[in-house]
Amino acid sequence: MLIGEYPCAIDNIKGRLNFPAKLREDMGERFILCRGNGDRCINAYSLEAFEQLSEKLRQYPVSQAKMLRRYLFSGAAEAEPDKQGRIVIPQNLREFAGLTKDVVVIGADDHCEIWDKAEWDFLNARMEVSAVNQLMTDIGF
């Protein structure tokens with residue numbers, strides 16, 4: 001399970017990010033970066049988790065899943081941490097997520113998310129405890 005919140009800095013010239021060591025251990029030697037699922041962030045999946053996501057999409061007729069396949073796979077890239085734990089985030093994904101120098105990497109159960117710090121702070125400021133409580137009640141938590 002991937003958990004935690006890790007402030008990081010990104011090198012805007014080369015797009016390098018020192019991916020948090022605690023998350024790297026669970027992600028494996030290589031993982032997949034892709035556009036966030038409805039959010040302006042980058043999702044990072046282990047190869048196994050991305051294959052499971054891909055398998056779910058294969059269960060649907062092409063006519064139903066083609067837009068989502070295009071969205072996820074066309075912008076996806078493989079990340080392989082170097083010896084210092086840095087990954088390169090391609091320019092297209094940095095632009096999509098609006099990443100600037102300060103970012104936050106979070107564990108989100110089966111994947112990680114990479115957020116621009118200002119966007120993450122804004123999202124958290126808008127999150128209402130009562131709404132979270134209602135969602136937890138709705139799913140029987």
Side-chain angles (χ1 to χ4, degrees), residues 1-62 64-141:
M1 176 176 19
L2 299 158
I3 61 173
E5 182 177 316
Y6 306 87
C8 302
I10 191 167
D11 170 357
N12 281 333
I13 296 171
K14 295 183 180 181
R16 291 184 303 192
L17 169 74
N18 192 348
F19 204 80
K22 287 186 179 186
L23 297 175
R24 267 195 328 264
E25 292 171 13
D26 289 334
M27 293 293 287
E29 293 181 19
R30 296 180 333 205
F31 47 91
I32 303 295
L33 303 174
C34 65
R35 295 179 188 112
N37 301 341
D39 290 313
R40 243 187 96 190
C41 68
I42 297 171
N43 285 355
Y45 291 94
S46 68
L47 294 178
E48 179 183 341
F50 197 72
E51 179 57 39
Q52 290 171 355
L53 177 64
S54 181
E55 183 59 36
K56 283 181 187 178
L57 288 174
R58 287 188 204 108
Q59 303 304 313
Y60 293 92
V62 172
Q64 288 181 328
K66 68 182 173 183
M67 188 177 352
L68 186 53
R69 285 183 179 143
R70 290 173 184 156
Y71 177 81
L72 288 175
F73 296 111
S74 68
E78 191 172 286
E80 186 172 356
D82 65 14
K83 292 178 182 176
Q84 289 78 37
R86 298 174 300 191
I87 62 168
V88 175
I89 300 176
Q91 182 69 29
N92 66 315
L93 290 175
R94 284 184 278 149
E95 288 174 3
F96 170 80
L99 299 184
T100 57
K101 181 179 172 153
D102 296 320
V103 300
V104 177
V105 180
I106 66 164
D109 187 24
D110 67 339
H111 69 284
C112 296
E113 296 176 355
I114 304 168
W115 289 85
D116 180 74
K117 183 176 181 339
E119 183 74 16
W120 178 249
D121 291 345
F122 178 75
L123 178 71
N124 280 299
R126 288 189 4 226
M127 196 178 311
E128 295 182 24
V129 174
S130 61
V132 172
N133 287 338
Q134 185 60 53
L135 287 171
M136 291 174 81
T137 300
D138 291 349
I139 64 171
F141 190 76

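On a predicted model such as this, the values are computed, not experimentally measured, just so you know. Along the sequence shown, the residues carry numbers beginning at 1.
- Not counting sequence neighbours, the partners of Arg16 by the salt bridge (charged side-chain N to carboxylate O under 4.0 Å, His left out) test are Asp11.
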List the atom pairs, donor and acceptor, that lie under 3.5 Å between side-chain atoms in residues 86-93 and the rest of the protein, sequence neighbours left out.
{"from": "Arg86", "atom 1": "NE", "to": "Asp82", "atom 2": "OD2", "distance (Å)": "2.9"}
{"from": "Arg86", "atom 1": "NH2", "to": "Asp82", "atom 2": "OD2", "distance (Å)": "2.9"}
{"from": "Arg86", "atom 1": "NH2", "to": "Gln84", "atom 2": "OE1", "distance (Å)": "3.1"}
{"from": "Gln91", "atom 1": "OE1", "to": "Arg94", "atom 2": "NH1", "distance (Å)": "3.3"}
{"from": "Gln91", "atom 1": "OE1", "to": "Arg94", "atom 2": "NH2", "distance (Å)": "2.9"}
{"from": "Gln91", "atom 1": "NE2", "to": "Glu95", "atom 2": "OE2", "distance (Å)": "2.8"}

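- Not counting sequence neighbours, the partners of Asp121 by the salt bridge (charged side-chain N to carboxylate O under 4.0 Å, His left out) test are Lys117.
- Contact annotation: the side chain of Leu57 approaches that of Leu72 to within less than 4.5 Å [non-hydrogen atoms, C-beta and beyond].
- Taking CE of Met27 as the start and CZ of Phe19 as the end, the distance is 5.0 Å to the nearest 0.5 Å.
- The salt bridge (charged side-chain N to carboxylate O under 4.0 Å, His left out) search around Glu80 returns none, not counting sequence neighbours.
- Summarising the local packing, CD1 of Ile3 is surrounded by 12 or fewer heavy atoms from other residues, nucleotides or ligands at distances under 6.0 Å.
- Under the side chain to side chain donor-acceptor pair (under 3.5 Å) criterion, the residue pairs touching residues 65-77 are Arg35-Ser74, with sequence neighbours excluded.
- Counting only residues at least two apart or on different chains, no ring-ring contact (aromatic ring centres under 6.0 Å, His included) pair has a member in residues 121-141.
- Enclosure of atom CD in Glu48 is not indicated, since only 12 or fewer non-hydrogen atoms of other residues, nucleotides or ligands lie within 6.0 angstrom.
- Leu33 is listed as a side-chain neighbour of Ile114, based on a closest heavy-atom distance under 4.5 Å.
- Taking Gln59 as the reference, Glu55 meet the side-chain hydrogen bond (donor to acceptor under 3.5 Å, both in side chains) condition, with sequence neighbours excluded.
- For the pairing with Ser54, the side chain to side chain donor-acceptor pair (under 3.5 Å) check across Arg58, Glu51, Lys56 returns one residue only, Arg58.
- Listed here is the closest heavy atom pair of Ala9 and Leu17: O-CD1, 3.6 Å.
- Residues Cys41 and Asn43 come closest through the heavy atom pair SG-OD1, 3.7 Å.
- Listed by chain and number, the residues in a salt bridge (charged side-chain N to carboxylate O under 4.0 Å, His left out) with Arg30 are Glu78 (sequence neighbours excluded).
- With sequence neighbours excluded, the residues forming a ring-ring contact (aromatic ring centres under 6.0 Å, His included) with Phe50 are Tyr45, Phe73, listed by chain and number.
- Across all non-hydrogen atoms, the minimal contact from Ser46 to Phe31 is CA-CB, 4.0 Å.
- Residues forming a side chain to side chain contact (heavy atoms under 4.5 Å, CB included) with Asp26 (at least two apart in sequence, or on another chain): Leu2.
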Side-chain atoms of residues 96-111: list all donor-acceptor pairs with protein atoms under 3.5 Å, sequence neighbours left out, distances to 0.1 Å.
{"from": "Thr100", "atom 1": "OG1", "to": "Asp116", "atom 2": "OD1", "distance (Å)": "2.6"}
{"from": "His111", "atom 1": "NE2", "to": "Glu113", "atom 2": "OE2", "distance (Å)": "3.1"}

